[in-house]
Amino acid sequence: MSQPYAQGFGQSGYPPVRAARTSAPNGVLAGVGLVAALGLVLAPLLPWVGVSQRGFLFIAAQSRQWTALDDLPEINNVPGWLALGSGVIALGLITAGLLLGRRTLAAAAALPALSGLAACGLFVLQLKNYQREYENDLVARVAQAVLDIKGGLEAGWFLALVCGLVLLGCTLGQMVRKSR
């Protein structure tokens, strides 16, 4: 007597159904991603822009720094809040990916990484627009020349940029890593 269904198949003639297997995130990439996300959270709290001047006659030398969350004239604090929110969301996604063993959750942190990088770009655009506004002002140019006023980006901006790039690299690494 022959069997009514093929060997290795169920009585319905179809192969048995198993749940799809997902792989856990790479621990090293996720760990580095967590550190980068934490750096993205802390970066807006550090100075993003600074201005210094040399002393002249009775005017003392001064230096001033602002974080990305400070209200500056002509520059809003949206990039700082965007970087802070991106870091918090990335921390949550990577932690959830590690706790639940889901690589796709950890890889989803690429979107907050991109928005953190966009925050850095938006801040620089606002700073350039502010500089363009005063580049033809004679009083500002004379004061800058006499007092040797210099301004530039500070450590917080660079930390946000580096952490955004590292976080993006780690999440892309999670995406292209082969399942085991």
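Residue numbers start at 1 and run along the sequence shown.
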Can [Y] be reached from [X] by stepping across I, L, V, M, F, W or Y side chains whose heavy atoms are under 4.5 Å apart?
X    : Y    : value
F158 : V41  : no
V88  : L91  : yes
L117 : V124 : yes
L172 : I89  : no
V166 : L161 : no

Mind listing the closest non-hydrogen atom pair of [X] and [Y] along with its distance?
X    : Y    : answer
P47  : E154 : O-CB, 3.2 Å
A68  : G80  : CB-CA, 3.5 Å
L34  : T95  : CD2-OG1, 3.5 Å
P112 : L93  : CG-CD1, 4.1 Å
A107 : T171 : O-CB, 3.8 Å
C163 : A36  : CB-O, 3.3 Å

Nonpolar side-chain network containing L46, other nodes, edges under 4.5 Å: L159
I want to check something: taking the side chain as every heavy atom from C-beta on, are [X] and [Y] in contact at a cut-off of under 4.5 Å?
X    : Y    : value
L167 : I94  : yes
D70  : N77  : no
L82  : S115 : yes
L153 : L127 : yes
F123 : V78  : no

side-chain contact (heavy atoms from CB on, under 4.5 Å) between L45 and T67: does it pass, once the steps are laid out? CA-CA 6 Å; L45 305 175; T67 69; 5.8 Å; no
Give a yes or no on whether the backbone of C120 and the side-chain of W157 come within a donor-acceptor separation of less than 3.5 Å. yes
Are the side chain of W48 and the backbone N or O of A43 linked by a donor-acceptor pair below 3.5 Å? yes
Separation between CG (L165) and CG (L40), nearest 0.5 Å, reads 10.5 Å
Calculate, to the nearest 0.5 Å, the distance between atoms CZ and CG belonging to R103 and L29 respectively. 10.5 Å
